[in-house]
There are 2 protein chains.
Amino acid sequence: MSVQERKERERAERERLIVATAREIAEQQGWDAVTTRRLAERIEYSQPVLYSHFRGKREIIGAVAVQGAAEIAVAVRAATAGATGPRERVSALARAYLDFAARNPAVYDALFQLDGGLAFAQEDTPESLKDAFAALLESLGEVAGEGVDTGLFTELFWASLHGLATLTRAGRLPPQDIEPRVELLVDRLAVL
Amino acid sequence: MSVQERKERERAERERLIVATAREIAEQQGWDAVTTRRLAERIEYSQPVLYSHFRGKREIIGAVAVQGAAEIAVAVRAATAGATGPRERVSALARAYLDFAARNPAVYDALFQLDGGLAFAQEDTPESLKDAFAALLESLGEVAGEGVDTGLFTELFWASLHGLATLTRAGRLPPQDIEPRVELLVDRLAVL
DNA sequence: CTCGATTGTCTAGCGGTGCTAGGATCGAGA
DNA sequence: TCTCGATCCTAGCACCGCTAGACAATCGAG
């Protein structure tokens, strides 16, 4: 038994290594640089080993995305916990979200830009994704306003943040003026 | 002279054919299916011909994007022209924008999701991109509210629309409830 | 009208990609 | 010690974006 358990541990450890390495390469050199060959060489195994853990590259991206979602949830909750009052909470939430996207572009891409083969807003959506949305909902729900569905409001607010995050990073929006844009967003969307 | 002119005409015509075909394949089977080989075969020329018109695949994507931007500008202006009053104009604008993204997903991807090698919000930004932003600014500027920079407001509104467009199409947001989300966005962001 | 130069296009191929079939190796249990 | 199944690697497939170099067609000068 113990032998088998050890093997399972080692296997799980190797899987973590694959995901961490993929993320590392992506963060350093972009997702284009994450090829199965390079990834295999970095973890010091041959290519086919990757396919004994994941169906393909998509699933590896998906694994990074799931990890990232959990981290976003943590970051958002940490930011909102330290804020006093709805206004500050929502503002802190927005900042934390955009900050995460800016600091972890590869992870953010894995979540929303690339095809990680993940289901969203469905039955089989990974837990961490649902939880990330829940983290947003916790603080945004209280500023949705009268008669407005909190889920709908959260989706809209989230979409706005997502738009700012992607357009800014892709160079579609001038990178200065991030602050006033966030302030304007919070002031207008949130009902205080 | 006339011979040379004819050749130039034919060359320009072929270039249009390349862009149109790339767009067609992308719209039918996704951008992944737009390979230089397939594209060359469709236009009944060999691969290297593509490279006598464009530096590479990126530039072809960029050409589709530029075309798409011009169409967005037209669609937005057409929608806002037929609306009476600021509220209806902004609402129509939002609908037209999201409608374009939904109906032309490949073109929208070329503009904002893929790397078409285009400059945004800079000196050498293609005219049609600047004009598309101008089209948004025309209607959104009048509802920015007191003391708010119209450019900044337009950027924010645009980012929100972009977020809704991408998240909806990527399956990140439930596709129903588009209407109420748009209504909420207009009601909250625009100062009427 | 001929002949070199230029222009245009194609064939063939380079180095890379994601992914997989099939053989070698190794370790656990009899 | 031997057998056999799990594990891993070598080698290779079909495809990718892109390009060098051969070839044919066209043009202008003598």
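Residue numbering restarts at 1 for every chain, and letters A, B, ... go by the order of the sequence lines.
Within 4.0 Å of R58(A), counting heavy atoms only, lies no atom of the nucleic acid at all. Using a 4.0 Å heavy-atom criterion, one finds that R11(B) contacts no nucleic acid atom at all.
Contacts between residues 14-37 of chain A and DNA chain D, defined by a heavy-atom separation below 4.0 Å, involve R14(A), R37(A), listed by number. Residues from residues 40-54 of chain B that place a heavy atom under 4.0 Å from any atom of DNA chain C, listed by number: Y45(B), S46(B), P48(B), V49(B).
At whole-Å resolution of the value, CZ in R55(A) and C1' in dT20(C) are 15 Å apart. dG18(C) atom P lies 9 Å from atom CZ of R38(A), rounded to whole Å. Between the C1' atom of dT17(C) and the CD1 atom of I60(A) lies a distance of 14 Å, rounded to the nearest Å. Per the geometry, NZ belonging to K57(A) stands 12 Å off C1' belonging to dC19(C), to the nearest Å.
The side-chain hydrogen bond (donor to acceptor under 3.5 Å, both in side chains) search around E146(B) returns none, not counting sequence neighbours. With sequence neighbours excluded, the residues that form a ring-ring contact (aromatic ring centres under 6.0 Å, His included) with F112(B) are Y108(B), W158(B), H162(B). By the side chain to side chain contact (heavy atoms under 4.5 Å, CB included) test, T125(B) is found to be paired with A119(B), Q122(B), L129(B), K130(B), residues two or more places apart in sequence or in another chain being considered. The salt bridge (Lys or Arg N to Asp or Glu O under 4.0 Å) test applied to R172(A) returns no partner, not counting sequence neighbours. D131(B) is linked by a side chain to side chain contact (heavy atoms under 4.5 Å, CB included) to A73(B), R77(B), A134(B), counting only residues two or more places apart in sequence or in another chain. Here E15(B) pairs with nothing under the salt bridge (Lys or Arg N to Asp or Glu O under 4.0 Å) rule; sequence neighbours left out.
Contact of the F157(A) side chain with the V90(A) side chain is registered, since non-hydrogen atoms from C-beta on lie closer than 4.5 Å.
Residue pairs meeting the salt bridge (Lys or Arg N to Asp or Glu O under 4.0 Å) criterion with at least one member in residues 58-70 of chain A, sequence neighbours excluded: R55(A)-E59(A), R58(A)-D115(A).
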